[in-house]
Undergrad: 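Once you've had a glance at the structure underneath, I'll fire off some questions.
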Number of protein chains: 2
Amino acid sequence: MLTQQRKAHILEVLRRDGRIIAKTLSQELGLSEDTIRRDLRELAAEGLLQRVHGGALPASPALADFSGRQGVAPGAKAAIGRAAARMIQPGQVVFLDGGTTAVQVARNLASDLKATVVTHSPSVAVVLAEHPTVEVVLIGGRLFKHSVVAVGAATFAAIAQVRVDTFFMGVTGVHAEVGLTTGDWEEAAVKRAVCRHAAETVVLASHEKLGAASPYVIAPITEISTLVVEDGLPDYLIEPYRRLGIAVQTARDP
Amino acid sequence: MLTQQRKAHILEVLRRDGRIIAKTLSQELGLSEDTIRRDLRELAAEGLLQRVHGGALPASPALADFSGRQGVAPGAKAAIGRAAARMIQPGQVVFLDGGTTAVQVARNLASDLKATVVTHSPSVAVVLAEHPTVEVVLIGGRLFKHSVVAVGAATFAAIAQVRVDTFFMGVTGVHAEVGLTTGDWEEAAVKRAVCRHAAETVVLASHEKLGAASPYVIAPITEISTLVVEDGLPDYLIEPYRRLGIAVQTARDP
DNA sequence: CTTGACTTTGCACGTTTATGCACGTTTTAT
DNA sequence: ATAAAACGTGCATAAACGTGCAAAGTCAAG
């Protein structure tokens with residue numbers, strides 16, 4: 001295998017999985033870890049990824065504002081993204097929320113999926129612009145920079161004009177009693193509005209969100225039908241939601 | 001085997017396998033590696049493939065997001081972007097079109113500029129999400145993937161609700177008689193609509209756009225007040241526009 | 001048919017690049 | 001506090017590289 005080809009492969013794996021583990025990759029490619037480490041160092045020098053102990057993480061300048069958060073649980077987020085992407089049936093109309101997890105869902109849509117994705121996240125729109133068959137509807141409004149999503153009156157008005165089959169919601173807190181929560185008042189209102197216009201709502205949550213609560217409540221937990229979480233979590237974390245009749249889907253982290 | 005025939009074969013193998021390994025190919029064809037290397041060098045000089053250590057890789061698609069498209073000719077477009085960015089006054093409300101040139105404008109806004117940018121391009125929105133002070137208004141609609149901008153009825157409705165001081169328009173053709181043109185009918189309609197809701201329209205055009213015409217006419221050239229072009233162009237290219245009373249701003253390429 | 005200009009190819013040479021290993025250091029986990 | 005894993009650096013080797021050159025081949029004008 002050519003060196004440049006290998007580097008391209010590394011970037012592809014990074015995009016797909018949200019992380020690189022040097023040892024794993026060296027075994028996969030049948031090369032010494034030194035070589036992989038060298039590649040990672042060079043790619044990092046070009047600013048194409050971020051080097052960390054044990055491997056590498058994305059450096060995506062387009063999502064630089066996220067970069068701090070992106071490091072939280074990249075493998076898990078990518079796995080959740082894949083699991084959510086698999087839930088979308090051909091012909092469906094779905095709403096994709098903003099945030100890093102939603103971007104992972106967009107990245108992992110099957111490349112032959114014919115469906116419509118509605119989103120108020122320009123990041124999601126940019127990713128899906130490269131998808132060959134998915135129809136994208138962009139919801140406008142005032143840009144809330146912290147989360148990179150549209151919010152405000154115009155956003156509400158636009159959301160009122162669509163009805164979707166499934167809403168894939170990102171949150172910062174999932175709590176059996178407090179409900180679904182997030183860190184911005186206006187964002188919470190938008191999520192609530194989308195929820196009302198969706199036949200079904202699916203919440204994407206990596207483990208640090210479970211049992212946590214943020215300042216602004218979006219809706220009670222019973223509003224949602226499915227919770228997608230990473231695999232291998234202790235039972236006591238997910239049991240409360242099962243007991244409330246919520247389907248808990250676990251995403252394997254390959 | 002004829003040289004040209006061999007080169008055609010190389011390109012075919014490259015398309016089929018996604019890569020060329022010089023040694024393998026030389027054995028396959030019963031020629032010395034030197035000959036193959038020479039071919040690869042020449043094909044690379046023609047831009048038909050990308051030369052790498054050990055062989056070659058495809059020229060465009062695999063590499064497009066690898067080394068980055070905008071690295072190709074960073075000079076002119078970036079210079080035009082900087083020049084346009086300098087034209088924005090504090091407190092103004094401007095509309096930024098889609099396209100790579102508009103993204104350059106967004107990247108080059110002074111980091112302390114307090115202004116409002118309206119755009120139907122998610123790419124521009126993502127870039128401006130990192131800007132500390134600029135207010136961003138995102139116009140929604142159906143996503144036209146080729147240009148990565150929102151189009152359609154919803155886009156029209158949203159545009160009708162804003163009035164901006166300056167519209168920075170990207171085009172694919174600027175011609176003194178034909179006018180401003182672009183390659184998509186719906187995009188042309190959107191640009192025309194924005195034009196009507198702007199006090200002033202500025203067109204950003206790198207040299208290859210001047211004197212060129214695309215299928216769909218946006219507006220007559222007299223609709224615009226300023227044309228931003230790169231520096232160092234021959235007079236005969238810009239003189240026709242000056243004669244029509246259009247201010248031609250040249251962007252130094254430092 | 002011959003001549004001379006030009007092209008193509010393979011080889012020799014010295015240079016650059018890629019890779020794996022050894023060694024000592026730093027980071028992480030226990 | 002300690003052990004294991006990951007790290008960076010220097011080094012040796014082999015592969016791949018470019019260049020200059022000469023032999024073989026091609027072609028058109030004479």
Side-chain angles (χ1 to χ4, degrees), chain A residues 1-14 17-59 67-78 206-208 230-234 253-254, chain B residues 1-14 17-59 62-63 66-67:
Chain A
M1 174 178 276
L2 302 169
T3 308
Q4 296 304 322
Q5 199 183 0
R6 189 178 61 239
K7 287 189 181 176
H9 176 76
I10 289 176
L11 291 174
E12 197 194 311
V13 170
L14 180 60
D17 298 349
R19 70 170 170 200
I20 293 288
I21 294 174
K23 187 174 182 178
T24 308
L25 194 64
S26 72
Q27 291 169 346
E28 224 171 87
L29 298 178
L31 291 163
S32 76
E33 282 182 57
D34 298 69
T35 304
I36 301 300
R37 274 203 294 270
R38 225 183 308 251
D39 288 345
L40 294 180
R41 246 177 286 159
E42 285 164 12
L43 290 168
E46 292 176 56
L48 296 170
L49 50 75
Q50 191 202 344
R51 190 81 175 80
V52 297
H53 199 88
L57 293 173
S67 56
R69 277 169 286 163
Q70 198 140 29
V72 175
K77 282 191 177 175
S206 38
H207 73 277
E208 81 275 8
E230 62 208 87
D231 198 19
L233 294 181
D253 184 1
Chain B
M1 176 181 277
L2 301 169
T3 309
Q4 293 307 319
Q5 197 182 355
R6 191 177 59 239
K7 286 190 182 177
H9 180 251
I10 289 176
L11 291 174
E12 195 195 313
V13 171
L14 181 60
D17 300 349
R19 78 191 151 143
I20 293 288
I21 293 175
K23 186 175 183 177
T24 308
L25 195 64
S26 73
Q27 290 169 346
E28 226 171 85
L29 299 179
L31 291 162
S32 76
E33 283 182 56
D34 299 68
T35 304
I36 302 299
R37 275 203 294 269
R38 228 182 306 250
D39 289 345
L40 293 181
R41 244 177 289 161
E42 286 163 16
L43 289 168
E46 292 176 54
L48 297 171
L49 50 75
Q50 198 219 346
R51 190 80 174 80
V52 298
H53 199 89
L57 292 173
L63 200 76
F66 182 61
S67 64

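Predicted model only: the values in this text are computed from it and were never measured. A, B, ... follow the sequence lines: proteins, then strands. Residue 1 opens every chain. The analysis underlying the following values was restricted to heavy atoms, covering all of them including side chains, and did not include hydrogens, waters or symmetry mates.
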Undergrad: Any side-chain N or O of R6(B) below 4.0 angstrom from OP1/OP2 of dT8(C)?
TA: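 No.
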Undergrad: My understanding is that only residues two or more places apart in sequence, or in another chain, count here; which of them pass side chain to side chain donor-acceptor pair (under 3.5 Å) with E42(B)?
TA: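 Expected list: K7(B).
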Undergrad: What distance do S32(B) atom OG and R37(B) atom CZ have between them, rounded to the nearest 0.5 Å?
TA: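 That separation rounds to 8.0 Å.
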Undergrad: Between E230(A) and H207(A) (side chain of the first, backbone of the second, donor and acceptor by atom type, cut-off under 3.5 Å), is there such a pair?
TA: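 A pair under 3.5 Å: yes.
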Undergrad: Given dT19(C), is OP1 or OP2 found less than 4.0 Å from the side-chain N or O atoms of T35(A)?
TA: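 Answer no for this pair, as no side-chain N or O of T35(A) is under 4.0 Å from OP1 or OP2.
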Undergrad: Exactly one of L11(A), L14(A), L40(A) should register a side-chain contact (heavy atoms from CB on, under 4.5 Å) with L48(A). Which one does?
TA: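 Looking at L11(A), L14(A), L40(A), the match for L48(A) under the side-chain contact (heavy atoms from CB on, under 4.5 Å) is L11(A).
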Undergrad: Once you round it to whole Å, what is the distance between C1' of dT19(C) and NZ of K7(A)?
TA: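 So the two atoms are 13 Å apart, to the nearest Å.
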Undergrad: I'd like a table of atom pairs between the protein and nucleotides 16-19 of chain D - only N or O on both sides, under 3.5 Å - with the distance next to each one.
TA:
residue	atom	partner	partner atom	Å
dA16(D)	O3'	G54(B)	N	3.1
dC17(D)	OP1	R51(B)	NH1	3.2
dC17(D)	OP1	R51(B)	NH2	3.2
dC17(D)	OP1	G54(B)	N	2.7
dC17(D)	OP2	R37(B)	NH1	3.3
dG18(D)	OP2	R41(B)	NE	3.3

Undergrad: Return the value, rounded to whole Å, for the distance between atom CD of Q4(B) and atom P of dT8(C).
TA: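 To the nearest whole Å, that distance equals 8 Å.
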Undergrad: Taking only side-chain N and O atoms of T3(B), does any of them lie within less than 4.0 angstrom of OP1 or OP2 on dT9(C)?
TA: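 Checking dT9(C) against T3(B), a side-chain N or O does come within under 4.0 Å of OP1 or OP2.
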Undergrad: Just so I know, are the side chains of R6(A) and T35(A) near enough to count as touching, which here means a heavy-atom distance under 4.5 Å?
TA: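 The answer is yes, as the side chains (C-beta and beyond) meet within the 4.5 Å cut-off.
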Undergrad: Return no unless some side-chain N or O of S32(B) is found under 4.0 Å from OP1 or OP2 of dT9(C).
TA: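 No, because none of the side-chain N or O atoms of S32(B) sits under 4.0 Å from OP1 or OP2 of dT9(C).
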Undergrad: Using 0.5 Å steps for rounding, measure from the CD1 atom of I20(B) to the OG atom of S26(B).
TA: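 Taking CD1 in I20(B) and OG in S26(B), the distance rounds to 11.5 Å.
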Undergrad: Rounded to the Å, how far apart are Q5(A) CD and dA18(C) C1'?
TA: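 Going from CD in Q5(A) over to C1' in dA18(C) covers 15 Å.
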